[in-house]
Every structure is written in C-alpha cells, then in structure tokens.
Amino acid sequence: MTWEDLDSYLDKAPGTISAYVGRLGAPPTWTRLPDATHYAASTMKIGVLVALHRAAEAGRLNLDAPVPVHNAFDSALPGAPRFANARDYDNDDAVWDRVGSTASLRWLAERMIVRSSNLATNIVIGAVGLPAVAEAWALGGARHSVTGRGIEDSAAREAGIDNLVTAADLAALLGGLARGAREPGPLASPAGCASMLDVLFAQEHREDLAAGLPAGTRIAHKNGWVHGIRHGAGVVFPADAPPYVIVVCTTTDLADGGPSGEEDDDACRLIAHVSAHVWASRHDLAD
C-alpha cells in the first residue's frame with residue numbers, strides 16, 4: 001500500500017481524519033489535514049505533563065512533595081462556580097481512592113498519562129496553571145492547539161472555552177520531547193525530557209497506535225477518546241530504524257467513546273491500520 005492508497009482508504013471513513021508521520025527533526029513523509037483542529041480529549045494531557053516538568057525544573061514545584069488529592073476545581077470561566085469530576089467518567093480508581101489524602105505530583109502526572117486519569121489531570125492543572133500549559137504548547141512549536149480549561153469544566157465548555165489539538169501540533173510537541181531527550185531543547189533538560197518519555201512509554205491504553213505495531217515495539221504515546229473522537233499520538237522507536245513520530249486524529253462516528261479494545265472500536269482499528277502501514281514503511285521515511 002502506498003501513501004496514496006492510505007489516503008484513499010481514509011477517504012472512505014466518515015468525519016475528519018488527520019495524520020502526521022515523519023522522522024524526528026525531518027520534514028514529514030506523509031500528512032493528511034495536519035492543521036485541522038479536533039477536540040483534544042485526553043491528548044491535551046501531554047501539554048500538562050510538559051508544563052509540570054518545566055515548573056519543577058524552574059524550581060516552582062517539587063514533583064515529590066505531597067499535595068492534597070481533592071475534587072473541586074476553579075472554572076476557567078471567570079465567575080463560574082467550582083466544578084468537580086465524576087468518578088464513573090474516569091479511568092483510574094487509584095487516584096480516587098486517595099481523595100481526602102495526599103499524593104505527589106510525580107505520581108499524579110504518571111496516572112494522568114498511563115491510566116488517563118481526569119482527576120489527576122485537573123489537580124496537576126491546578127498546580128501549574130493553564131498559562132503554563134499554553135507556554136508548553138508554544139515552546140513545542142504548536143500553532144493551533146489550545147488547552148483552555150480543565151476536564152469536565154462544563155461552564156467553560158458551554159461558554160466556548162475549549163481544548164483543541166491538531167495532528168501537526170501533537171507531532172511537534174512529542175517530537176520535541178524525543179529530540180530533547182538527546183540534546184538540550186526548549187521544552188526541558190535532556191533528563192527532564194527523558195523522564196517524560198518514560199511516563200509515555202508506560203502508557204497502558206494500547207488499543208490504537210500500539211495495536212498496529214509488533215509486540216514489544218517501544219512507543220512513547222498518549223491517546224484520547226470521547227464519543228465521536230479517537231486520537232493516537234506517539235513516537236515509535238524501532239530496533240532496526242530511526243525513531244519516527246506518528247499522529248492520527250479522528251473526529252468520526254466510528255469512535256464509540258470509551259477505552260475499549262481495538263476489536264470493539266472501528267476508530268481504534270482505523271488508527272491501528274495506519275500505524276501498521278507506517279511500521280511497514282519505517283525504512284523508507286524521509287530523512
């Protein structure tokens with residue numbers, strides 16, 4: 001299958017399918033609507049992770065100091081009442097079990113990524129602030145992505161304050177992390193970038209991009225889903241080829257809205273299909 005064949009395959013899918021594929025630091029080999037904006041779902045948590053580590057490196061936060069685990073947050077809409085998360089809309093009982101107690105920001109950030117905990121995400125956003133998340137996106141080279149509010153901030157959402165991403169912006173941020181782990185860059189120190197990649201390597205939701213790769217392939221990634229949305233964004237590290245960035249964003253009726261396995265979600269299957277094609281072409285990506 002050629003890249004043109006892959007485009008033709010995706011043309012048959014309903015909705016908007018965006019993609020970005022390329023080696024680190026090189027022009028993309030293949031893109032499809034790379035600047036189309038999509039609701040971010042949980043891919044916005046990558047920007048929150050970067051903002052947290054930047055704050056820690058600047059000495060503003062201590063990743064290992066205990067912070068309260070609570071479920072009441074300031075809305076991004078000025079004057080709106082505080083909001084709370086719903087436990088049945090989350091993916092990680094471990095964080096909820098600590099409500100009323102404490103946890104370290106490092107642990108909360110890990111749960112935010114590896115289990116995609118919404119509660120952990122909002123606690124971390126409260127610690128770093130939304131302007132710091134915006135700065136992380138900008139330093140990563142993002143041009144259109146916005147993290148305007150926390151998760152389940154319905155007052156802000158109804159007022160039009162939203163969280164948006166593009167395939168190109170997710171690729172820029174993740175590619176910046178992967179390059180930054182090798183040499184100094186704008187996002188964080190090499191050690192800080194490597195630490196963030198380790199968290200992304202530990203991702204437990206592996207039903208989309210990772211499902212299209214051979215077992216054991218290293219991929220630092222984050223996905224996101226709500227009804228009508230499924231995204232996968234990551235950096236793949238083959239043993240026999242240079243690493244590459246792959247992002248597939250889908251706004252489509254194929255997405256069932258839950259963290260179900262690839263066999264239950266057509267959007268997961270679509271992303272896995274793209275991932276498998278890119279893997280098969282890994283030796284031929286543009287330098």
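No experiment lies behind these values; they were computed from the predicted model shown.
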From CA spacing to verdict: side-chain contact (heavy atoms from CB on, under 4.5 Å), S145, T147:
CA-CA 7 Å; S145 296; T147 302; over 6 Å; no
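- The side-chain heavy atoms of M196 and I113, taken from C-beta on, include no pair separated by under 4.5 Å.
- By the rule that hydrophobic residues join a cluster once side-chain heavy atoms approach within less than 4.5 Å of another member, L197 and L24 end up as members of one cluster.
- Neither side chain, T251 nor T16, offers a donor N or O lying under 3.5 Å from an acceptor on the other.
- Residues N118 and N85 bring no donor and acceptor atom of their side chains to less than 3.5 Å of each other.
- Nearest approach of N91 to W225, heavy atoms of both residues: ND2-CZ2, 3.9 Å.
- Of the inter-residue distances, the one linking I46 atom CD1 with D169 atom CG reads 11.0 Å to the nearest 0.5 angstrom.
- The ring pair (Phe, Tyr, Trp, His ring centres under 6.0 Å) search around H221 returns none, not counting sequence neighbours.
- Of the possible donor and acceptor atoms, one in the side chain of R149 sits under 3.5 Å from a partner among the backbone N and O of I161.
- Looking only at side-chain heavy atoms (C-beta outward), V99 and H70 stay at 4.5 Å or farther from each other.
- Here D162 does not pair with R157 in a salt bridge; the nearest charged N to carboxylate O distance is not below 4.0 Å.
- Minimum interatomic distance between L270 and A13 (heavy atoms only, all atoms of both residues): CD1-CB, 3.7 Å.
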side-chain contact (heavy atoms from CB on, under 4.5 Å) assessment of W137 paired with V146
CA-CA 8 Å; W137 281 111; V146 175; over 6 Å; no
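- Here the options are E204, K45, Q203, R111, the test is side-chain hydrogen bond (donor to acceptor under 3.5 Å, both in side chains), and the partner is S116; only K45 passes.
- Atom CG of L285 and atom CH2 of W30 lie 11.5 Å apart (nearest 0.5 Å).
- The OG atom of S117 sits 7.5 Å away from atom CG of L108, with the distance rounded to the nearest 0.5 Å.
- Listed by chain and number, the residues in a salt bridge (charged side-chain N to carboxylate O under 4.0 Å, His left out) with D11 are R32 (sequence neighbours excluded).
- In this structure, the salt bridge (charged side-chain N to carboxylate O under 4.0 Å, His left out) partners of D240, at least two apart in sequence or on a different chain, are R282.
- W107 carries R98 over the face of its six-membered ring, with the cationic atom under 6.0 Å from the centre and within 45° of the normal.
- Aromatic ring orientation, F73 versus F83: tilted (interplanar angle from 30° to 60°).
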Report the C-alpha distance between I229 and H231 in whole Å, list the side-chain angles of each, state the deciding distance to 0.1 Å, and finish with yes or no for side-chain contact (heavy atoms from CB on, under 4.5 Å).
CA-CA 7 Å; I229 297 287; H231 307 324; 3.3 Å; yes
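- Formation of a donor-acceptor pair under 3.5 Å by the S75 side chain with backbone atoms of A80 is not found in this model.
- For R179, the salt bridge (charged side-chain N to carboxylate O under 4.0 Å, His left out) test picks out no residue, with sequence neighbours left out.
- Summarising the geometry of Y244 relative to L213, their closest heavy-atom pair is OH-CD2, 3.8 Å, with the distance given to 0.1 Å.
- R23 pairs by the salt bridge (charged side-chain N to carboxylate O under 4.0 Å, His left out) definition with D287, not counting sequence neighbours.
- The distance from atom SG of C268 to atom CG of N223, rounded to the nearest 0.5 Å, is 8.0 Å.
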Is there a side chain to side chain donor-acceptor pair (under 3.5 Å) between H38 and S18? Walk through the geometry before answering.
CA-CA 9 Å; H38 299 257; S18 300; 2.8 Å; yes
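- With a 4.5 Å cut-off on side-chain heavy atoms, V50 and L173 count as touching.
- Residue-environment remark: CG (D198) exceeds the threshold of 12 foreign heavy atoms within 6.0 Å.
- Summarising the geometry of C193 relative to L187, their closest heavy-atom pair is SG-CB, 4.4 Å, with the distance given to 0.1 Å.
- The closest side-chain donor-acceptor pair between K222 and S42, if any, does not fall under 3.5 angstrom.
- Of all the heavy atoms in V165 and A40, the pair that sits closest is CG1-CB, 3.6 Å.
- Atom-to-atom distance recorded for H53:NE2 and L105:CG is 9.5 Å, nearest 0.5 angstrom.
- A salt bridge links D97 with R87; the closest basic N to acidic carboxylate O contact falls under 4.0 Å.
- Across D265 and A267, no two heavy atoms sit closer than the pair OD1-N, 2.7 Å.
- Rounding to the nearest 0.5 Å places CG of D153 at 9.0 Å from CG of L130.
- Note: the hydrophobic cluster containing V245 also contains L139 (ILVMFWY, side chain heavy atoms under 4.5 Å, direct or indirect links).
- In the hydrophobic clustering of this structure, L10 groups with W279; members are Ile, Leu, Val, Met, Phe, Trp, Tyr whose side-chain heavy atoms approach within less than 4.5 Å, directly or through other members.
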Taking it one step at a time, do L170 and M44 satisfy side-chain contact (heavy atoms from CB on, under 4.5 Å)?
CA-CA 9 Å; L170 285 166; M44 51 81 79; over 6 Å; no
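- Within the structure, the ring-ring contact (aromatic ring centres under 6.0 Å, His included) test picks out the following pairs touching residues 158-202 (sequence neighbours left out): F201-F237.
- Put simply, the side chain of H205 reaches to within 4.5 Å of the side chain of R115, judged on heavy atoms.
- Inspection of the D5 and T2 side chains reveals an N or O donor paired with an N or O acceptor under 3.5 Å.
- Under the 4.5 Å side-chain criterion, counting only non-hydrogen atoms from C-beta, D35 is in contact with H144.
- For the pair L200/L177, a side-chain contact is recorded, criterion being any heavy-atom separation below 4.5 Å from C-beta on.
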